[in-house]
Amino acid sequence: MLTSVGMTLPAITFAVQDDTPRIAVVSAYAPEMVILKGELDNAAVHSLNGVEFSTGRLQERDVVLFLSGISVVNAAMTVQLALDRFNVKQIVFSGIAGGIDPALHIGDVVIADRWGQYLESLFARKVEGGWKKPDFFEYPYANFGMMFPRSVTVQRAGADAPETRFWFPVDESLLAYARQAVADVTLNHCAAENTCLDYMPKIVIGGSGVSGGAFIDNADFRDYTFKTFDAHVLDMESAAVAHVAYANDVPFIAIRSLSDLAGGDEAGNQLEIFFGLAADNAAEVVKALLRAIPE
């Protein structure tokens with residue numbers, strides 16, 4: 001490795017905790033991880049930078065389980081740590097999320113085929129008659145007031161130059177396994193307190209998801225996000241993990257179960273009522289997907 005003054009420095013390497021090829025099963029929310037860890041065989045625990053990584057067998061697949069932490073920075077940091085220290089061959093990310101597609105409801109599970117970062121934005125200068133934004137960024141989507149979503153630049157191994165993009169794709173093979181897996185999944189429709197939905201939740205595969213470091217509980221912004229990005233779901237981690245996976249050329253998929261409607265429920269935010277149900281449903285789909293992935 002060369003510095004700007006021509007000195008050669010040794011490349012930095014990391015001590016691998018475990019060299020078994022594994023699927024990283026990552027959750028944003030602790031209740032879901034409790035479910036998955038409770039079914040882990042041959043479990044071993046590794047602690048790195050304060051993060052607990054559990055290796056073992058889940059649904060007869062070699063896995064490493066860990067919590068991402070909430071929001072984009074935590075998710076990116078912990079997933080990169082896992083990639084540096086474990087032999088991760090695929091990433092399955094899951095958790096609860098807010099539904100922004102009016103056709104979806106609490107308890108539904110979304111497996112999007114691409115993820116973007118809606119808060120990767122310019123906050124524009126207000127001028128007479130509107131907003132003034134610099135020309136040196138790309139602005140692929142409409143604004144929400146002063147907020148103009150923009151593309152992000154990413155560097156990946158083997159690329160001649162950094163690449164600018166808004167969407168990060170889900171792995172096509174994992175998406176195909178998900179389509180195969182969900183045929184056998186029956187989702188839960190009752191919370192632990194016997195609060196039941198008056199419908200059976202469904203699984204939606206395909207379409208877009210967006211992420212950002214904000215908890216959204218605003219009907220106007222929900223409507224804007226759906227119309228602008230044609231997205232099903234909004235969360236605080238998945239696009240960041242998709243970004244890291246893309247940069248490292250590791251197959252990625254995200255499974256998000258709706259715990260609330262991001263401001264679209266007139267009765268108020270329902271997360272505290274239905275987070276358990278949503279976590280249960282996400283975990284069931286994760287387990288079905290693991291069974292469908294060839295060993």
Side-chain angles (χ1 to χ4, degrees), residues 27-29 31-32 70 92-119 141-142 144 149 167-170 174-175 178-179 181-191 195-212 214-239 241-242 253-289:
S27 296
Y29 204 53
E32 180 188 3
I70 294 173
V92 177
F93 192 86
S94 67
I96 62 175
I100 54 178
D101 183 342
L104 300 181
H105 307 284
I106 287 173
D108 291 346
V109 173
V110 173
I111 307 176
D113 58 25
R114 63 178 187 171
W115 287 88
Q117 302 175 65
Y118 71 89
L119 274 183
Y141 292 100
F144 183 78
W167 296 106
F168 291 90
V170 164
L174 288 176
L175 209 58
R179 289 192 176 96
V182 299
D184 298 325
V185 175
T186 300
L187 298 179
N188 187 17
H189 77 292
C190 290
T195 302
C196 295
L197 303 169
D198 59 4
Y199 53 86
M200 291 300 297
K202 61 181 178 292
I203 301 171
V204 175
I205 299 180
S208 303
V210 291
S211 306
F215 185 91
I216 303 301
D217 193 33
N218 181 278
D220 290 339
F221 192 78
R222 176 184 190 260
D223 184 59
Y224 157 79
T225 308
F226 171 66
K227 291 179 179 177
T228 302
F229 304 112
D230 193 26
H232 293 313
V233 64
L234 180 152
D235 68 30
M236 299 176 68
E237 298 88 17
S238 294
V241 179
I253 194 168
I255 297 164
R256 304 303 298 222
S257 183
L258 307 190
S259 59
D260 64 277
L261 299 180
D265 195 319
E266 294 182 358
N269 193 282
Q270 304 292 296
L271 184 148
E272 291 186 319
I273 300 173
F274 291 109
F275 72 85
L277 181 152
D280 288 348
N281 283 346
E284 287 303 314
V285 176
V286 167
K287 290 186 288 185
L289 173 59

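These numbers were taken from a predicted model, which means no experiment stands behind them.
- When all heavy atoms of Trp167 and Val210 are compared, the closest pair comes out as CH2-CG1, 4.0 Å.
- Of the N and O atoms on the side chains of Glu32 and Ser94, at least one donor lies less than 3.5 Å from an acceptor on the other residue.
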Show your working on side chain to side chain contact (heavy atoms under 4.5 Å, CB included) between Ile96 and Leu258 and close with a plain yes or no. CA-CA 6 Å; Ile96 62 175; Leu258 307 190; over 6 Å; no
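- In this structure a side-chain-to-backbone donor-acceptor pair under 3.5 Å is missing from Asp235 to Ser211.
- Distance CG/Asp260 to CG/Leu234: 9.0 Å, rounded to 0.5 Å.
- Applying the 6.0 Å contact sphere to CD1 of Ile205 captures more than 12 heavy atoms from other residues, nucleotides or ligands.
- Scanning both residues, Ala112 and Val170, for their nearest heavy atoms gives O-CG2, 3.2 Å.
- Contact annotation: the side chain of Val182 never approaches that of Asp184 to less than 4.5 Å [non-hydrogen atoms, C-beta and beyond].
- Residues Trp115 and Ala239 share a closest heavy-atom pair of CB-CA, 3.8 Å.
- Rounding to the nearest 0.5 Å places CD1 of Ile255 at 9.0 Å from CG of Leu174.
- Taking the six-membered ring wherever Trp is involved, the centroid distance between the rings of Tyr199 and His105 falls below 6.0 Å.
- In terms of heavy atoms, Pro201 sits closest to Gly107 at CB-O, 3.2 Å.
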Working note: Arg222 + Leu261, criterion side chain to side chain contact (heavy atoms under 4.5 Å, CB included); need CA distance, chi angles, decisive distance, verdict. CA-CA 8 Å; Arg222 176 184 190 260; Leu261 299 180; 4.1 Å; yes
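- Annotation for Val109 and Ser257: closest pair CG2-OG, 3.8 Å, computed over non-hydrogen atoms.
- The residue from Tyr141, Phe229, Phe221, Tyr224 that alone fulfils the ring pair (Phe, Tyr, Trp, His ring centres under 6.0 Å) condition with Tyr118 is Phe221.
- The CZ atom of Arg114 sits 15.0 Å away from the OG atom of Ser238 when rounded to the nearest 0.5 Å.
- Of the options Asp101, Ile111, Val110, a side-chain contact (heavy atoms from CB on, under 4.5 Å) to Val233 is made by Val110 and by none of the others.
- In the model, Ser208 has no side-chain atom that pairs as donor or acceptor with a side-chain atom of Asp230 under 3.5 Å.
- Taking the side chain as every heavy atom from C-beta outward, Asp113 and Pro169 never approach each other to under 4.5 Å.
- A donor-acceptor pair under 3.5 Å links the side-chain atoms of Asp108 to the main chain of Lys202, judged by distance alone.
- Side-chain contact between Glu284 and Asp280: absent, with no pair of heavy atoms (C-beta onward) separated by less than 4.5 Å.
- The minimum heavy-atom distance between Ala178 and Ile253, with the atom names listed, is CB-CD1, 4.0 Å.
- Note that CD1 of Ile100 and NZ of Lys227 are 12.5 Å apart. Values are rounded to the nearest 0.5 Å.
- A heavy-atom distance below 4.5 Å is found between the side chains of His232 and Val204.
- With hydrogens and angles disregarded, no donor-acceptor distance shorter than 3.5 Å links the side chain of Arg256 to the backbone of Gly209.
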Can you check side chain to side chain contact (heavy atoms under 4.5 Å, CB included) on Phe93 and Glu237, steps first, answer last? CA-CA 9 Å; Phe93 192 86; Glu237 298 88 17; 3.5 Å; yes
